[in-house]
Structures are given as C-alpha cells and as structure tokens.
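In the text below, chain A, chain B and the rest are named by the order of the sequence lines, each starting its count at 1. Treat the numbers as computed from the prediction; the structure is a model and nothing was measured.
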Amino acid sequence: MVKGFFLAAYSLWLREMKRFYRQPSRVVGAVASPLIFWVLIGAGLGESFSTGETGQGYLEYFFPGTLLLILLFTAIFSTISLIEDRREGFLQSVLVAPVPRAGIVFGKILGGTSLALCQGLLFLIAAPFMGVWLDVQGWLLVLLILLLNGFAMTGLGFYIAWKMNSVQGFHAVMNLLLMPLWILSGALYPADGAPAWLQWAIRLNPLGYGLSALRQALYANDPVSDYLPSFGVSIFVITAFGFAMLFFSSRAASRRSAEDLK
Amino acid sequence: MIKSAVSAKDLRHSYGTKTALAGVSLEIPKGSIFALLGPNGSGKSTLFRILSTALLPTLGDAWIDGISLRENPYEVRKKLGVVFQSPGLDGKLTVRENLVHQGYLYGLGGAALRSRCDLLLSHLGLTDRAGEMVSTLSGGLKRRAELAKGLLHQPSVVLLDEPSTGLDPGARLDLWRYLTTLRESEGLTILVTTHLMEEAEYCDKIAIINEGKMIRTGTPRELKADVGGDVLAVKSREPEALRAQIQEKLGTPSRLVEGQLLIEHKEASKFITKLIETFPGLIEAVTFRRPTLEDVFIHHTGHEFWSPVPEVKKAGKHG
C-alpha cells in the first residue's frame, strides 16, 4: 500500500513535469500575466499609494502579491488539466489501478506545487531590484514558504477541479472565488487600511496567511510587517490549509461514483 | 467445482431515477472469452464500469477470481486489466512513457517493468513506435498501445470496452487473433462489450443485454438455435397487410422490423415457394439467410438491434 502510494504519486508527478515542459505556452502564460499585472497595476498605483513611514514603494509592496498570483495561476493551470484528464479518459484508467486514491491526489498536487515553485523562482530573479536582500538561510526560508503556498493553492485547485465537469465552470470559480481570495490576501493593499468588514474577510482568508508569511520572509525588517499575523501563525495556517485540502481532495477522490466517468 | 473468473449476482444500478441495470447475474469460467452484446443504452457500459471497479453498483455484488469488488476493490484491481473505450493514454507522453506510467500504477518497476514493456511492445508490433508521442499515432496504433497498457501487469481477467472501435477489418481480425492466442497461452479470461454481431461470434459465450436485463446467455451456436430455423426477410409494399394474411392463410407468425417482414421457419427454403405462390402480388423480394446473432436479438427483443431505442442519445452517455 505504502509503496503503491509513493510509486503512483511519483508517476503522476513525473507526468505533470513532462507535460509542462512539452507545452512551452504554459510556462509563458503562468509568468507573463502576473508580470503584466505587476507592472501595470504596480507602476500605475505607485504614486497614489501612501506608504507612510514604511519606506516601501508600491512596486515593492505589490511584489510578494505578484509572486502569490504566479503561484495561483500555475496551480490553476495544472489542476484544470484534471478536467481534461477526466473528459479524455486518462483519469478513468488511473482510477481503476490498485493504488490508494490519496497517492493519485498527492502526486497530482505535488506536480502542481513543483511547477508553482519553479515559476515562482523564475520571478524571484527580480527580487534584488525590489529591495530584497537575503542570506542563504533567508532564501531557503522563502523557498519553503513558496512551497507551502503552492501546495495549499494546488490543493484548493484540485478540490475544485474534482467537483467540476467543465473547464468553463472552473473559469467561473476562478473569477468568483480564486481571484477574490487573492485580492483579499493583502496582495494589493494592507488590511489595516481597509473597512472593518474587509479586514474580517482578509483575516478569514487562508491565502492571506500564506502571503503574510511570504512578505515577512522577503522583507524581514520592514515595518509593514507589524500589522500582519505573526510569522509562526502565518506558516501554521497556510500549512494546515494545504493538508486540509489534500485530505478533502483525497476523500472526494475515494468515492466510486458516476461523476468520475463523465 | 471450478471457480468462475468473473461472477456477478443481481447487479442493479440507477442513475438518479433512471434504471440502467435491473438485476444482472453472470458467470464467466476461467480462460474463456465472453461477450456482452447490446445496443447503446442497454446497460452494457454500466455493467462494464461496475466490473472494472470504476462504479459502485446500487445493489448486488460481483467477484473477480472470488474477490468481492464491493468489499475489496483494491485486490480486484490487481487482477484486472481494463481497456476503456475512451483513450486512457496520455497523448503528450510517448508510448513507452505511457506503459512505464501504467507499470508504476500497478507496482512494477526496474528491470521487470522494462522487460514487460519490451515484450508487449514487440507482441503488438509497437517496438518501432515506442518513442513516439501517442498523439501522433494513428487510431489503430493507439488501440494497440491501449491493449499493451491493459495487459502490462499480467492480469488474470481482461475487460475490453468496444475494443474494435475505429479499427479497420484487417486490424480487427489481428486483434481477435491476438486475444485468442492470449487466452490459449496464458489462460486469460476475456470479457468484451460489443455492439458488433460479427465480433461476438469470436467468443465462447455471449450474453445479450437489453434495457438493463440479461435476456439470453449461451454459445453463438446455442443462440442461433433459438431462432426457429432459417430466416426469410420479405419486402412488400403493404407489409402490415401481408403479415396479417400470412398469419391467417398459412398460420405462420412473422415480425415487422424496420419495414421488413421477418419469418423464422424450419424449412425456409421450401416456404419461399409457398409464400410467393400464395401472395403473388404482394411480395417484392425475399431474402433467405442462416440466422445471425442479429436475428437472435430480434427474436428475443422484438426490435431490430439498430432500431432507435427510446432515449438512445441520452442513455448512451451512461449506457
């Protein structure tokens, strides 16, 4: 069972990697759009955005949020393929194999996470220009946090994609749920300036904790961090959310139902 | 008593309020080739999905080599090789990569997996194509790769859903030759679903399924014997009137199927003469044939195999 779990996870992870580098348009798509967002929104809002005593420009403030958006896009693109896998029949033949369903789910999520991590690292090339100065340990911490964020978002994407029967449906969810989650993560503006109800929404948003962890890892001594949940809590929440998504996805995938066979 | 390779007891399944299977039981002895024959929407695909462990039946259970698929799907899956009708291959991977992936899913690895892959690639004439992307292969080659994938882990029972879809007659013949060889050399039990009558004739036993029920099981010969003798297909401008008159004057029943009158008769060749002499003006053409499985189907269901069953389109999705 244990061997089956890891072999299956490895195989599905490997497949995800191969499919990704054989479709270069996906690499471009997942990095280019957040980059454009970052430049257009960041540069445009920069002047109107009061950074107060933090000393941070808006492009810098928006940098971790853009990174999170890249992770989110990559996670979405990789989990959306689940819907195609089901429609084409690939998934069906995986589901009748003697492997624990959790292994299938884990492999797929791990694949998306790895891709998100790679895309995130690509974007981090810009970090030194954004006032990010870290030692080796600092970089490793950033890496770990990117991994946790990617894992959480791919898990969320998997859970949604499992329930969807069309790519169009997934796009609707993306616009109605995933993008608002990103906006409410503190990516565009800090929580403390927002009205009370929005502050609550931000506080309840698991992605907000992921971003908080990322922001604090990138800008350790920046005063903007004072308004964020503590580093430990942030890491804990985003990690717990990731594993919760893995659990719920595995549970959903373990049912034998007609829904799998569309 | 020899244990059956596949046995099912009173399988029932409904999609919401629509009943797809209304109590199906079957026994497939080890080392035999068994066909599930039925039109779209008959429930044969639902039965296939249940036996492949993809779908849990609403009621009833089935056993593969004596293992319950309701209670122990994990062990059942190890014994099963499943080839679905929809492609299970990843088009963005090469043929070999697809096989290796399949091997991992079934717990194979290393040299054992490599040699299994080589063996199947060569059996199915795919050695030269092993490095090609599946998406670039022709339909026939894709089906062969699917088959290689399904047989990779040396299953004891293979389930094939409409295996010859998209194959030309030559390739279909090759497929059946290969399946028959496998049955002989490895004692494999094979279950196929098909809507092709000529395909069912390759099998040891056939089960005809219609509207969620098994209506007849037997060897092709037994099934053909159900039809009372040979079959005459009569064309007429007024088939309804002719039917009534044949019944009245000659006491022979006939069926009106798709505008033709079908008559089953023990001495059909002699009956032709009688028919033409009795109704000279009413008959345009008479065709004589040995009973086919299609006639068996009509004999049992009263409608033609290809005739539109109500809701064929809708039911076909789950069929």
Side-chain angles (χ1 to χ4, degrees), chain A residues 1-27 77-78 81-108 110-111 165 253-262, chain B residues 13-16 18 20 45-46 48-58 69-70 72-94 97-98 100-109 113 133-135 146 149-150 152-153 155 159 161 317-318:
Chain A
M1 269 310 229
V2 176
K3 187 187 158 212
F5 176 94
F6 284 107
L7 255 182
Y10 167 71
S11 190
L12 284 155
W13 172 83
L14 191 66
R15 166 178 182 254
E16 211 66 18
M17 298 298 112
K18 285 180 175 163
R19 284 177 67 90
F20 189 73
Y21 71 70
R22 282 172 192 171
Q23 293 167 278
S25 61
R26 277 178 64 187
V27 187
F77 285 146
S78 76
S81 66
L82 194 64
I83 298 166
E84 292 162 22
D85 287 347
R86 169 171 298 160
R87 205 183 41 215
E88 285 165 11
F90 178 82
L91 186 68
Q92 192 166 237
S93 72
V94 173
L95 292 180
V96 298
V99 279
R101 293 283 166 90
I104 298 168
V105 177
F106 188 63
K108 187 87 184 168
L110 211 59
N165 52 28
S254 296
R255 297 193 192 107
R256 266 187 278 178
S257 80
E259 300 296 306
D260 299 343
L261 307 163
K262 281 183 189 122
Chain B
H13 195 78
S14 329
Y15 300 100
K18 194 186 159 291
S45 297
T46 301
F48 185 89
R49 284 165 174 172
I50 289 172
L51 293 178
S52 73
T53 76
L55 192 65
L56 202 60
T58 314
L69 55 75
R70 187 181 278 284
N72 203 347
Y74 188 81
E75 289 302 318
V76 165
R77 284 171 184 151
K78 286 188 193 166
K79 301 201 167 270
L80 282 180
V82 188
V83 180
F84 289 102
Q85 194 182 353
S86 51
L89 299 164
D90 184 340
K92 295 273 188 317
L93 299 182
T94 66
E97 283 170 342
N98 266 292
V100 169
H101 163 72
Q102 178 80 356
Y104 287 154
L105 289 183
Y106 284 83
L108 299 173
L113 174 56
M133 291 285 168
V134 166
S135 57
E146 291 280 355
K149 190 176 164 220
L152 190 74
H153 62 284
L159 309 178
D161 195 8
K317 201 178 115 191
H318 292 306

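Residues B/Met133 and A/Arg22 meet the side-chain proximity criterion, which asks for heavy atoms closer than 4.5 Å. Residues B/Val82 and B/Thr53 form no side-chain contact, since every pair of their non-hydrogen atoms from C-beta on lies 4.5 Å or further apart.
Across every non-hydrogen atom of B/Tyr106 and A/Val96, the tightest pair is OH-O, 3.5 Å.
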When the side chains of residues 1-12 of chain A are checked against the rest of the protein, which donor-acceptor pairs come out under 3.5 Å, sequence neighbours left out?
{"unit_1": "A/Lys3", "atom_1": "NZ", "unit_2": "B/Gly107", "atom_2": "O", "d": "3.2"}
{"unit_1": "A/Ser11", "atom_1": "OG", "unit_2": "B/His101", "atom_2": "ND1", "d": "2.6"}

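Most heavy-atom pairs under 4.5 Å with chain A, from the set B/Gly109, B/Gly150, B/Pro73: that is B/Pro73. Between chain B and the options A/Ser93, A/Pro98, A/Gly103, the largest number of non-hydrogen pairs under 4.5 Å is found for A/Pro98.
At a 4.5 Å heavy-atom cutoff, the contact between B/Leu89 and chain A is made by backbone atoms alone. Residue contact with chain A, scored on non-hydrogen atoms closer than 4.5 Å, involves the side chain of B/Lys149 exclusively. In this structure, chain A has a heavy atom under 4.5 Å from the side chain of B/Glu97, while its backbone stays farther away. Contact annotation for B/Leu108: only backbone heavy atoms (N, CA, C, O) come within less than 4.5 Å of a heavy atom of chain A.
When the side-chain hydrogen bond (donor to acceptor under 3.5 Å, both in side chains) test is applied to B/Asp161, the partners found at least two apart in sequence or on another chain are B/Thr193.
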